[in-house]
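The structure under discussion appears below in the form of structure tokens.
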Protein chains: 4
Amino acid sequence: MKDHSHHVKHQGTLRILKTAKGQIEGIMKMIEDERYCVDISTQLLAVIALLKKANTEIINRHIETCVRDAIETGLVDDKIKELEQLMKHIEKNL
Amino acid sequence: MKDHSHHVKHQGTLRILKTAKGQIEGIMKMIEDERYCVDISTQLLAVIALLKKANTEIINRHIETCVRDAIETGLVDDKIKELEQLMKHIEKNL
Amino acid sequence: MKDHSHHVKHQGTLRILKTAKGQIEGIMKMIEDERYCVDISTQLLAVIALLKKANTEIINRHIETCVRDAIETGLVDDKIKELEQLMKHIEKNL
Amino acid sequence: MKDHSHHVKHQGTLRILKTAKGQIEGIMKMIEDERYCVDISTQLLAVIALLKKANTEIINRHIETCVRDAIETGLVDDKIKELEQLMKHIEKNL
């Protein structure tokens with residue numbers, strides 16, 4: 001059940017990344033065609049938003065795994081620390 | 001013990017916010033003195049970085065509370081969902 | 001005329017910063033009262049959004065100054081380079 | 001000369017986007033291989049950083065064009081307004 005749910009979520013994230021890849025190809029074409037810079041920037045910001053969405057999905061899968069691992073293994077403090085490190089990384093890089 | 005640890009962490013976050021408040025007062029003075037815009041912007045970006053740090057500390061306290069609540073109450077799915085909602089909010093607003 | 005317009009814009013930015021300062025004081029109170037972490041985080045993200053708005057206003061004043069300076073002084077390449085450096089700084093820190 | 005310089009800069013931005021596209025393909029493979037979520041997130045944040053860099057290059061080309069157009073056409077206020085709109089868009093979406 002959990003594996004199945006994870007698999008379904010993976011498919012969603014892969015779809016987002018496939019879309020992002022297609023948009024980047026489109027932006028490369030826009031640059032080659034010397035299109036208006038503001039339109040190119042708007043498209044770039046849209047891809048960045050898509051990748052942030054993919055990142056949230058990955059993070060959320062990680063949170064779920066950590067919480068369930070904490071319960072199964074009893075290594076609660078370790079799992080909390082692992083999530084806290086990730087949040088610091090996101091703070092600096094999102 | 002947990003309460004004490006939370007209290008200590010609150011003190012740290014309050015200290016960051018006090019610093020941020022002082023920096024904002026400094027920036028208001030810079031604007032009144034018609035200082036160089038790039039210097040004002042640099043200071044504003046520094047306060048934003050401080051507030052992101054305070055936000056990570058608050059988020060991390062929330063993660064810890066959620067994980068411990070999940071274990072104590074057994075409402076694992078609810079707590080995971082609560083954290084996932086928060087991540088989506090951060091994705092859009094950080 | 002230009003000075004007057006700059007003065008009016010400064011007043012707007014100062015008002016935003018005054019609001020941000022008041023919100024930070026409110027957040028400090030929320031932390032002392034041990035309010036719900038998600039509500040505190042929401043308020044922090046709102047202050048960050050306000051400070052980004054203040055930063056855009058400062059940046060826009062700088063762009064205006066640079067463009068007018070480029071025309072008046074003829075140091076076009078220098079002023080373009082100055083704006084480009086600022087954009088790189090924003091990319092890394094916003 | 002200006003056209004040549006623009007062409008060179010386009011090549012640099014296209015190279016960044018080609019790298020970003022390759023990294024996204026790598027991330028898709030990581031997801032299919034069920035790799036560690038934190039490693040996937042780190043890679044996603046790296047692609048986002050690359051795309052922000054590409055965006056800054058596009059913005060900087062736009063700034064240069066706007067400043068030169070302002071001088072050539074005399075439509076200084078229009079060009080300043082165009083840049084200010086762009087900054088507001090970046091503030092909300094970067």
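The chains referred to below are lettered A, B, ... by the order of the sequence lines, with proteins before strands, and numbering in each begins at 1. All of these numbers come straight from a predicted model, not from anything done at the bench.
- Within residues 22-31 of chain D, no residue has a heavy atom under 4.5 Å from a heavy atom of chain C.
- Note that CD1 of C:Ile90 is 9.0 Å distant from CG of D:Leu94, once rounded to the nearest 0.5 Å.
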Check the pair C:Glu64, D:Leu83 against side chain to side chain contact (heavy atoms under 4.5 Å, CB included), reporting the backbone distance first and the verdict last.
-> CA-CA 9 Å; C:Glu64 186 175 352; D:Leu83 286 174; over 6 Å; no
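- If you tally non-hydrogen atom pairs under 4.5 Å between each of D:Lys79, D:Glu91, D:Lys81, D:Met87 and chain C, the highest count goes to D:Glu91.
- Against chain C, the residues from residues 44-61 of chain D that qualify, each with a non-hydrogen atom under 4.5 angstrom away, are D:Ala49, D:Lys52, D:Lys53, D:Thr56, D:Ile59, D:Asn60 in number order.
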